[in-house]
Structures are given as C-alpha cells and as structure tokens.
Amino acid sequence: MTDNLENESEDLPEQIAIRMAKREKLNDLSDAYPVSLPLTHTISEVRAEFPDLEIDAVTGKKVAIAGRVVFARNTGKLCFATLQAGDGERIQAMVSLDKVGEENLELYKELVDLGDHLFVDGEVITSKRGELSILVESWKMAAKTIRPLPNLHNELSEEFRVRHRYIDLIVRDRAREVVKIRSQVMQSLRNTFANDLYLEVETPMLQSMHGGASARPFKTHMNAFDMELFLRIAPELYLKRAVVGGIERVFEINRNFRNEGADSTHSPEFAMLEAYQAYGDYSTMAELTQKLIQNAAQDVFGTQVVALDGGEENDLSGEWDRVSMFESLSSAAGQEITPETPMAELKKIADKVDIEIDHPLHGKYVEELWEHFVKPGLKKPTFVMDFPVDTSPLTRDHRDKKGVVEKWDLYIRGYEQATGYSELVDPVIQRERFVAQAALAKTGDPEAMKLDEEFLKALEFGMPPSGGMGMGIDRLLMSLTGLGIRETILFPLVK
RNA sequence: GGGCCUCUAGCUCAGUUGGUUAGAGCAACGGACUUUUAAUCCGUGGGUCGUGGGUUCGAUUCCCACGGGGCCUACCA
C-alpha cells in the first residue's frame, strides 16, 4: 500500500491517482473540501418526516442534506446515489438532466466517486419504485475521498477491521452499533452509581510504585524528575486513600495497563471499574455488582436476557447464585478440601487429574484445582465466595471461617467478570502482608508488590470498614454482546 | 514461550503437483442507457504473488531466515 501521497503520481495505485486528479479539478472549479454547508436536515430527519409516501410521490418539501456515497447507479441522463450518514441512515439522491442541466450532470458523473461526502439539495420525492429520494436541484462535493472504499458486498477480514476501524465503522452496521452500546453501558453504570450517591474520581495512572493487584507493569521514565514511573495496574490503593479521607462511596472507570499476554480475553490496556463503599462489605458489593450489570442490560437492551452475537442468549435476570469456593471444589473433586488440607494431599489430587502446579502457596493450589474442577461447569452468573487467605493479601479474613477471606469472583459465561472484597483495613495486618509480599518480590516473583508506605500510613489514620469491587468493562461488553475483546475495544493495540 | 496454519489487484478470494502473457467478483477507466436498488450491457487497464536469501535452465509455487496475522497450548483480568 502507498502510504505517502506526495510521491510521483505514477507511483500511486491507479485508483488513488485518478481520485487525486478529480480532487484537483474540484479545487479548480470551487472547493473539494468546503468549510461549511447549508444543511437543513439530517438523513434521519427526512426519513422520519416522510415515513410512508406512495410510489412516485412529490412533496413540495425542499431539503439540503449530506452523506457519504455508498452506492452509485448512473444511467445516461439520470444518476442515483445512496447517501449514508454517520449513524448508518441512508437516503437516495437522484441527479437528473432536466433538473441540474447538462454541465452539472456531466461534472457529477466525472467527479463523484463511491466514498465521497456529497451535499445535495432538492425536493423530497419517491421514485417509480417507491424509494424515498431527494430530487437534486444542486449538488456540491462535501469532502472528496482519495482512497477507494472496500467493496461492500464481502465481509472485511478480521485484521482489516481492527487495523482500519474507521473503515469498519463506515461499512459495517454492527461496528457502529457496538460503539453505541458501549457508550450507553458506560452511561448506565454511571447512573446506577449516581443513584447510590457514589462520587466518580480519577486517580493517578502514572505511579511511582505500582500496586493494588499482582501483575507485571509497563515501565516509563519521567524526564523532569528523572524518575522511573509505572503505568498503573490498578487504582485500588488510591481509591482506598480517598475512602480514608471521607469519600465514603467512590468509584473510578479508567484504563489499567498490564504487561502480559494478549488474546481473545486479554488486552494490554483495558478499562477497569473499581468501587468502594464505607460501611459495606463483600456482600453489599455483590448486590451492587448485580445491580450495575442488570441495569446496564435493562437500560441498553430493554431486557436482562440479552441476545449474543453468536445467536445464544445470556440470561442475567434474577438473583445470582453464590457458591463457596471450598465447598464447590470439595463436591466437584469428590472429597473434602479445606484450608487445612495438607499440601501433599492437594498435590496428589493435582497429579491424579494431570495438572501441573509450580507455586509455593497453598491457596494457589486450591484456586488451580477449583479452575479445573468447577469453573468449566459455570454457565449462569455466579458469585464464587470465600477465597484462600494467602493469595489475597489485601483482603480481610472471613468473619466466621478460618483460612479464607471475604472475597468473591463473579463468573459469567465461564470467565471472570468481576471481583469483590470486604477490605482489609487493619494497618498492622496489612503491613505484615505487604512485608511478606515484598519478601516474595526479593525471591524473584515479578508480580509481587512493593511496600507502599504512604498507603499504609493512610490506613493508620483509620479506614472505615468497607466493601470494594472491580470489574473489567471490556469483559462486561463481551458478556452483553458475545463479542471478542478486540471487537469491544474501538481501537485495540495492534503490532 | 512452544506447536500448527496463513500472507496473491483498492477490497473479498481462486490458482500455480516448478514452465510463455497469474485469474474472478466488486471497485477503477472508456462507451451506451431518464426510475435504478450490489442497476444492466459492450470494451479496457491495474499485480515487484509479505520481505530477503538459497536450490534450479527457470521460483508466485520448493527450502531457509525475517516480518505481519490466525488457531491451539502455557501465564495474567
């Protein structure tokens, strides 16, 4: 592909060279890119005003509209063009010899291509086949296109869509629809929070110390302070500072960055929602999460049983199941597994089902086994409650059960959708767990956290008992649409 | 990271068991056509077959390396 249009014209692909020449001629005659156009209507407005005209009708109504030419059918003295607005609405323009005259008709045929933005004004009529049309009295180039549009009769390849999303948006209804759905979902989430009196904040994305999750960060460098900075892997430690400061219901929707694998469910930058509520706990947050998702489905689709892209349905209605991690694992594995079950016993089970686990933590074994035995069977939205203590260093011990913390993961259609906690607010225990993590970091675990002294100091000023939750926005869109993550992100990272 | 597959015209794809001039549809160009709906009809042009190297009389085809993409697999949300 030629990326530089300043090359000699003979180096350009044929179609681009021809369009460049047309652009020149338009500029000579008037302007290929006029600064403004005297529009009177949008295409949707015209359609809304004349929904049911008879065949071959005239209205006497003059309108001036613009749209991108997506189909063109030229006969000798009458030309048809299908004009498309940004929202996908289309209308037909008819350019006829007796309305515009010979010169303008010839210029139209010579200079207007598929893909161009065209301005027309004229009377609203219907054609002899009943198609709602503008009978053009004058036309004007609104913006000349230099590159040809892909053909509209084949699906674009996945790669082409992702690399040239702007073209995808022009030619594919579903692409436009997903952008709209995503925007409406965001609006709905914010409405649900607002109704619960939450405040939205924005916390640092450039951090001198990355924390709040276990993941490898992206590193960068700040020249002015000559310091190493990290792109955040989570906003948690700052949102908790906000709670300490008295912002008792707080949430943030923003990007996290994780320097790890990319596949159909993981993007290196992804939109994250986190929320904290003083005097709530993990149960409160489970209710909130269910409400956020059900409201989003209801607000955007008008139903909590959403239709997915592949033809399946995703039933998000009703009260969602809550199962205990250890209990569901025990019954699936056919033997009692508790936080006291010896490592040797866990290893024996892992060996028996042929999964390899190389990790020093007891809880890691439990989670791996759970993912093997229980996770594949989860279809309905399900909160998996009460995780092992040693894999959740920022979480509070369970109020009744020994060896587990008050944490849940929400699974929808078999993958992790959200997570929630009763937050650990005891500064002494938090420090102990951080120190243990830092020790792990020294042994080479690149995901372990460093000591965030300022965060610990904040806890020492007293954080009220709180619930917290986090949810991947891109994954929420996946649950609501059935699309892959690269289709829910408008411009996903490509190499 | 490991394994397998893939890259051909602006777009979507055929094809070449190594052999003259690499095809189709849409798009483009020239012509005909005043009611088309992916308009139709006649004609024409457009390609360093991802990049570099090798084998060969001859490579788009076979081999190697590199780059892009996909799927499976391992890890993270």
Side-chain angles (χ1 to χ4, degrees), chain A residues 1-2 10-19 21-22 55-56 69-82 90-100 105 109-110 113-115 125-133 135 145-164 167-168 170-171 212-217 233-234 256-274 355-359 364 367-368 371 409-411 415-419 446-447 470-476 478 484-486 494-495:
Chain A
M1 185 186 291
T2 304
E10 53 260 42
D11 290 345
L12 291 175
E14 178 198 29
Q15 299 197 38
I16 293 178
I18 289 164
R19 283 161 180 253
K22 292 177 180 178
I55 284 175
D56 214 6
V69 179
V70 290
F71 292 113
R73 301 168 291 277
N74 294 353
T75 71
K77 301 188 180 65
L78 176 62
C79 299
F80 301 89
T82 305
R90 293 175 175 180
I91 198 163
Q92 178 168 271
M94 295 167 63
V95 185
S96 75
L97 176 65
D98 53 11
K99 281 286 170 192
V100 303
L105 181 69
K109 284 202 268 190
E110 181 186 346
D113 285 312
L114 288 180
I125 62 160
T126 56
S127 71
K128 285 180 180 164
R129 297 288 173 86
E131 184 74 32
L132 187 67
S133 308
L135 184 57
T145 310
I146 295 308
R147 292 183 186 266
L149 231 44
N151 92 64
L152 301 180
H153 319 304
N154 296 93
E155 290 217 326
L156 294 174
S157 61
E158 223 288 302
E159 185 181 0
F160 191 93
R161 283 197 237 160
V162 167
R163 285 185 186 274
H164 312 282
I167 300 174
D168 189 29
I170 294 168
V171 303
S214 55
R216 296 187 193 196
I233 57 173
N256 288 348
F257 305 86
R258 299 193 182 175
N259 205 341
E260 291 166 351
D263 59 31
S264 64
T265 56
H266 297 84
S267 172
E269 57 175 317
F270 60 103
M272 187 73 184
L273 160 63
E274 281 198 19
I355 47 177
E356 242 178 86
I357 306 167
D358 182 25
H359 206 277
K364 193 75 185 174
E367 289 183 16
E368 294 275 347
E371 284 188 15
D409 272 358
L410 170 63
Y411 280 82
Y415 57 82
E416 206 177 326
Q417 175 71 75
T419 183
E447 295 177 4
M471 173 159 69
I473 298 291
D474 314 296
R475 288 206 172 169
L476 174 59
M478 292 164 70
I485 199 166
R486 274 152 51 103
V494 284
K495 233 174 161 183

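Chain naming here is simple, since letters A, B, ... match the order of the sequence lines and numbering starts at 1 in each. Computed from a prediction, not measured in an experiment: that's the story for all the values here.
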Could you measure between the two [atom1] atoms, the one in [N] and the one in [M], and give it in whole Å?
N	M	atom1	answer
B:rC62	B:rU37	P	44 Å
B:rU16	B:rA77	C1'	47 Å
B:rG31	B:rU51	P	36 Å
B:rU44	B:rU48	P	22 Å
B:rG43	B:rU61	C1'	33 Å
B:rA14	B:rG47	C1'	15 Å
B:rG23	B:rC29	P	23 Å

So, is [X] close to the [N] phosphate, meaning a side-chain N or O under 4.0 Å from OP1 or OP2?
X	N	value
A:Arg486	B:rG70	yes
A:Ser96	B:rU34	no
A:Arg147	B:rC11	no
A:Lys77	B:rU34	yes

Can you measure [X] atom [atom1] to [N] atom [atom2] for me and round it to whole angstrom units?
X	N	atom1	atom2	value
A:Phe160	B:rC13	CZ	C1'	15 Å
A:Glu260	B:rA74	CD	C1'	13 Å
A:Leu156	B:rG69	CG	C1'	15 Å
A:Asn154	B:rU8	CG	P	14 Å
A:Glu274	B:rA77	CD	P	13 Å
A:Lys22	B:rA27	NZ	C1'	11 Å

Starting the side chain at C-beta, find the nucleotide from [options] nearest to [X].
X	options	result
A:His266	B:rC11, B:rC76, B:rU34	B:rC76
A:Arg73	B:rG10, B:rU34, B:rA39	B:rA39
A:Glu368	B:rU35, B:rG10, B:rC76	B:rC76
A:Glu159	B:rG10, B:rG70, B:rG68	B:rG68
A:Asp113	B:rA77, B:rA28, B:rU34	B:rA28
A:Asn151	B:rG69, B:rC76, B:rG25	B:rG25
A:Gln15	B:rA28, B:rU35, B:rA77	B:rA28

Quiz prompt | First encountered from the 5' end of RNA chain B, between A:Asp98 and A:Asn74 | solution = A:Asp98
Self-check item: Residue met sooner reading RNA chain B from 5', once A:Phe71 and A:Leu152 are mapped to nucleotides
Solution: A:Leu152
Quiz prompt | Pairing nucleotide - B:rC33, Watson-Crick or G-U, each distance under 3.5 Å | solution = none
Quiz item: So, A:Tyr415 and B:rA77: ring centres less than 5.5 Å apart, planes less than 30° off, yes or no?
Solution: no
Practice problem: Check the geometry between A:His153 and B:rC26 and answer yes if their rings are stacked (centres below 5.5 Å, planes below 30°), otherwise no. | Solution: no
Student check: side-chain heavy atoms of [X] and [Y] closer than 4.5 Å:
X	Y	answer
A:Thr82	A:Arg73	yes
A:Tyr411	A:Gln417	no
A:Ile125	A:Met94	yes

Exercise. Report, as yes or no, whether the 6.0 Å neighbourhood of atom CD on A:Glu371 holds more than 12 heavy atoms from other residues, nucleotides or ligands.
Key: yes
Exercise. Could you tell me which residues satisfy side-chain hydrogen bond (donor to acceptor under 3.5 Å, both in side chains) with A:Asn154, sequence neighbours excluded, listed by chain and number?
Key: A:Asn151
Quiz item: Can you find an N or O donor on one side and an acceptor on the other, under 3.5 Å apart, linking the side chain of A:Glu416 with the base of B:rA77?
Solution: no
